[in-house]
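Have a look at the structure below, then the notes.
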Amino acid sequence: HMSNYPHPNYGYSNQGLTSRGGTGQPSSSSSGGQNREEVSVQLGHPALEYEEGVHTLRQKVKLLKRMSNSIGEETSLRGKLIDSLSSGFDSATESAKKAKKELDKVYKQARAGHLLALMFFSVGLFVFVYLVYKANRFARWFLPKGRRE
């Protein structure tokens with residue numbers, strides 16, 4: 001070896017694979033029957049791990065299916081909520097457009113002088129009533145005192 005640190009032995013030796021017995025010696029052809037039993041036991045153990053792994057994966061797949069169904073239901077619910085909000089915004093937008101049209105109409109009428117004409121009419125009416133009142137008092141002054149009552 002090139003370094004002074006010990007290297008881990010992963011079941012290999014200089015001669016090849018070692019047996020699982022932990023002897024560190026390569027398996028010999030004289031113990032062929034015993035080797036087959038070890039092989040069948042070794043295959044049985046990974047098979048059990050495989051079944052447990054499959055069972056665990058099935059549980060995870062079922063959980064993922066439930067989660068995806070829940071996500072689908074939530075997405076559907078959110079979509080309906082967004083649709084209702086969208087229709088609400090559409091109706092609010094339509095109402096705002098109608099209000100804007102009405103305000104534009106009132107503004108154009110104000111610019112056309114309708115409010116100014118209304119103001120002059122009311123001031124003129126006030127002046128006319130005032131003049132009639134003053135004319136009545138003036139006319140009473142000329143009438144004899146006995147006829148005023």
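What you see is a predicted model; the values in this text were computed from it and never measured. Side-chain atoms are counted along with the backbone in the values below, which use heavy atoms only and exclude waters and symmetry mates.
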Point-to-point distance, once rounded to the nearest 0.5 Å, from [atom1] of [X] to [atom2] of [Y]:
{"X": "L131", "Y": "F138", "atom1": "CG", "atom2": "CZ", "answer": "13.0 Å"}
{"X": "L57", "Y": "E52", "atom1": "CG", "atom2": "CD", "answer": "12.0 Å"}
{"X": "L125", "Y": "F120", "atom1": "CG", "atom2": "CZ", "answer": "15.0 Å"}
{"X": "F128", "Y": "F121", "atom1": "CZ", "atom2": "CZ", "answer": "10.5 Å"}
{"X": "L85", "Y": "L81", "atom1": "CG", "atom2": "CG", "answer": "4.5 Å"}

Salt-bridged, D104 to K100, with N to O below 4.0 Å?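 Salt bridge present between D104 and K100.
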Can you list every side-chain hydrogen bond (donor to acceptor under 3.5 Å, both in side chains) pair that touches residues 76-98, not counting sequence neighbours?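 The answer is E74-R78.
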Only pairs at least two apart or in different chains count here, so list each side-chain hydrogen bond (donor to acceptor under 3.5 Å, both in side chains) that has a residue in residues 61-70.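 Pairs touching residues 61-70 that pass the test: none.
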Could you work out, with salt bridge (Lys or Arg N to Asp or Glu O under 4.0 Å) as the rule, every residue matching K101, not counting sequence neighbours?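 For K101, no residue satisfies salt bridge (Lys or Arg N to Asp or Glu O under 4.0 Å) once neighbours in sequence are set aside.
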For the residue pair H55 / Q59, report whether a side-chain donor-acceptor contact shorter than 3.5 Å exists.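 The answer is yes; a qualifying pair exists.
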